[in-house]
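In each ligand, atom 1 is the first atom listed, and ligand 1 is the first ligand listed.
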Amino acid sequence: MSYRAGFIGFLGLPNAGKSTLLNSLVDEKLSIVSDKPQTTRQTITGIVSREEAQYIFLDAPGTLKSDSGLNPFLKSEVERVLEEADGIALVVGADQEPSDQLLELIEHIKSSKKPWICVVSKSDLKAPKECLDLQAQLRDEGVRVMRVAPQKTPKDTRSRLFEEFYSLIPENPAPLFDTDIYTTETLREIARERIREQCFVYLKKEIPYGLGVRINRFLEDDKVIRIYADILVEKDNHKPILIGGGGSMLKKIGTETRKGLEKLMGTKVFLDLHVQVRKSWTKDAMFLNELGYTKKKES
Ligand SMILES: Nc1nc2c(ncn2[C@@H]2O[C@H](COP(=O)(O)OP(=O)(O)OP(=O)(O)O)[C@@H](O)[C@H]2O)c(=O)[nH]1
Ligand SMILES: [Mg+2]
């Protein structure tokens, strides 16, 4: 078996289960997961180094139709993944009915001429007939279709998928990244995503869409990591909800994030969180840039 190394892009609709799949493959909570669509904003890289190959997974934001606010950025992330990946795993939620948007994405993947497979995630859930029909149709066209349930059976998912992923990446004389690392995300980026995740956990549906996290300072020494961050909301009335009575909500978000980061980083973490109202920040180009939501330049 020749050694291989390469990039595999996860594409799919929002909520398909891409980030859950990534986490189960790298065996770490790397990409944030929630039941709300559009959870992933920036593409997250996960790396698995095995004897036969190094697999570099790119977890893209779910594809969307709308062209306002953050959406053009999210779309450009999808395009970037399609371009950078050696192969694609189209992730389809077993419980999702195939929409026009999904069919468009499939056409888009086909026209890229990259090798691709279809991973039907959440296979523990009942699939509507339309989803089963789509799977049969893809199989007829010669596409490999794998059904997995990363949340329910992560071990089984892992072992069954690597063989498929191996077929998507090219031969390489050596790994492309240090085999000790499981991501290229920095601790600072991970901290930002973990704060965002806890906001998703504790807040009602409408708020996380307009919520951003800015890490103002990230100071590391031998004993402690000090993180100073702002949680940005778009509306005045979101601020008291985020802070909660007597600061209780912000405290819960802060404590849970800190515990998770301490476990991940193996060191004490001090976390200072503030809430700021930035009206329409998702439409403010300068601000989007500051938070890293900017289209990557063509190289
Ligand atoms: N029952 C079941 N639910 C799952 C499984 N995998 C993921 N989910 C749930 O599906 C929802 C969406 O999962 P994500 O991994 O965040 O989906 P995503 O495709 O990354 O979504 P975006 O980032 O919004 O594009 C979450 O509520 C998960 O808990 C699974 O194997 N079984
Ligand atoms: Mg995601």
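- Among all non-hydrogen protein atoms, the one lying nearest atom 27 (O) of ligand 1 is D35 CA, 3.3 Å.
- The residue from E197, Q151, K152 that puts a heavy atom closest to atom 30 (C) of ligand 1 is Q151.
- Short contacts between ligand 1 and D124, defined as distances under 4.0 Å to a heavy atom of the residue, involve ligand atoms 1 (N), 2 (C), 30 (C), 31 (O), 32 (N).
- Looking at E262 and K259, no side-chain N of the basic residue comes within less than 4.0 Å of a carboxylate O on the acidic one, giving no salt bridge.
- Atoms of ligand 1 lying under 4.0 Å from any heavy atom of P150, numbered from 1 in the order shown and given with element: 31 (O).
- Residue S31: no N/O/S atom is found under 2.8 Å from the Mg ion (ligand 2).
- Below 4.0 Å from some heavy atom of G62 lie the following atoms of ligand 1, by number and element: 25 (O).
- At a 4.0 Å cut-off, not a single heavy atom of G12 sits close enough to ligand 1 to count as contact.
- No part of V91 comes within 4.0 Å of ligand 1, judged by heavy-atom distances.
- Defined by atom type and a distance below 3.5 Å, a donor-acceptor pair is present between the side-chain atoms of D59 and S31.
- For T20, every N, O or S atom stays at 2.8 Å or more from the Mg ion (ligand 2).
- Checking only distances, S121 never comes within under 3.5 Å of ligand 1, N or O to N or O.
- Under 3.5 Å, the side chains of T257 and Q198 contain no donor-acceptor pair of N or O atoms.
- Here's the thing with G17: one of its N/O atoms is less than 3.5 angstrom from an N/O atom of ligand 1.
- A donor-acceptor contact closer than 3.5 angstrom links the side chains of S34 and T39.
- In terms of protein heavy-atom proximity, atom 26 (C) of ligand 1 is closest to S34 O, 3.3 Å.
- When each atom of ligand 1 is checked for a heavy atom of T39 under 4.0 Å away, the hits are 22 (P), 23 (O), 24 (O).
- Which parts of ligand 1 touch L125 is read off a 4.0 Å heavy-atom cut-off, strictly below it: atoms 1 (N).
- Aromatic ring pairs are classed by plane angle as parallel below 30°, tilted from 30° to 60° and perpendicular above 60°; the pair F165 and F162 is perpendicular.
- Between K122 and V148, every side-chain heavy-atom pair lies at or beyond the 4.5 Å cut-off.
- Close contacts between ligand 1 and T20 involve ligand atoms 6 (N), 7 (C), 13 (O), 14 (P), 15 (O) [criterion: under 4.0 Å to a heavy atom].
- Looking at I32 next to ligand 1, no N or O pair under 3.5 Å apart turns up.
- To the nearest 0.5 Å, atom CG of residue L187 and atom CE of residue M265 are 4.0 Å apart.
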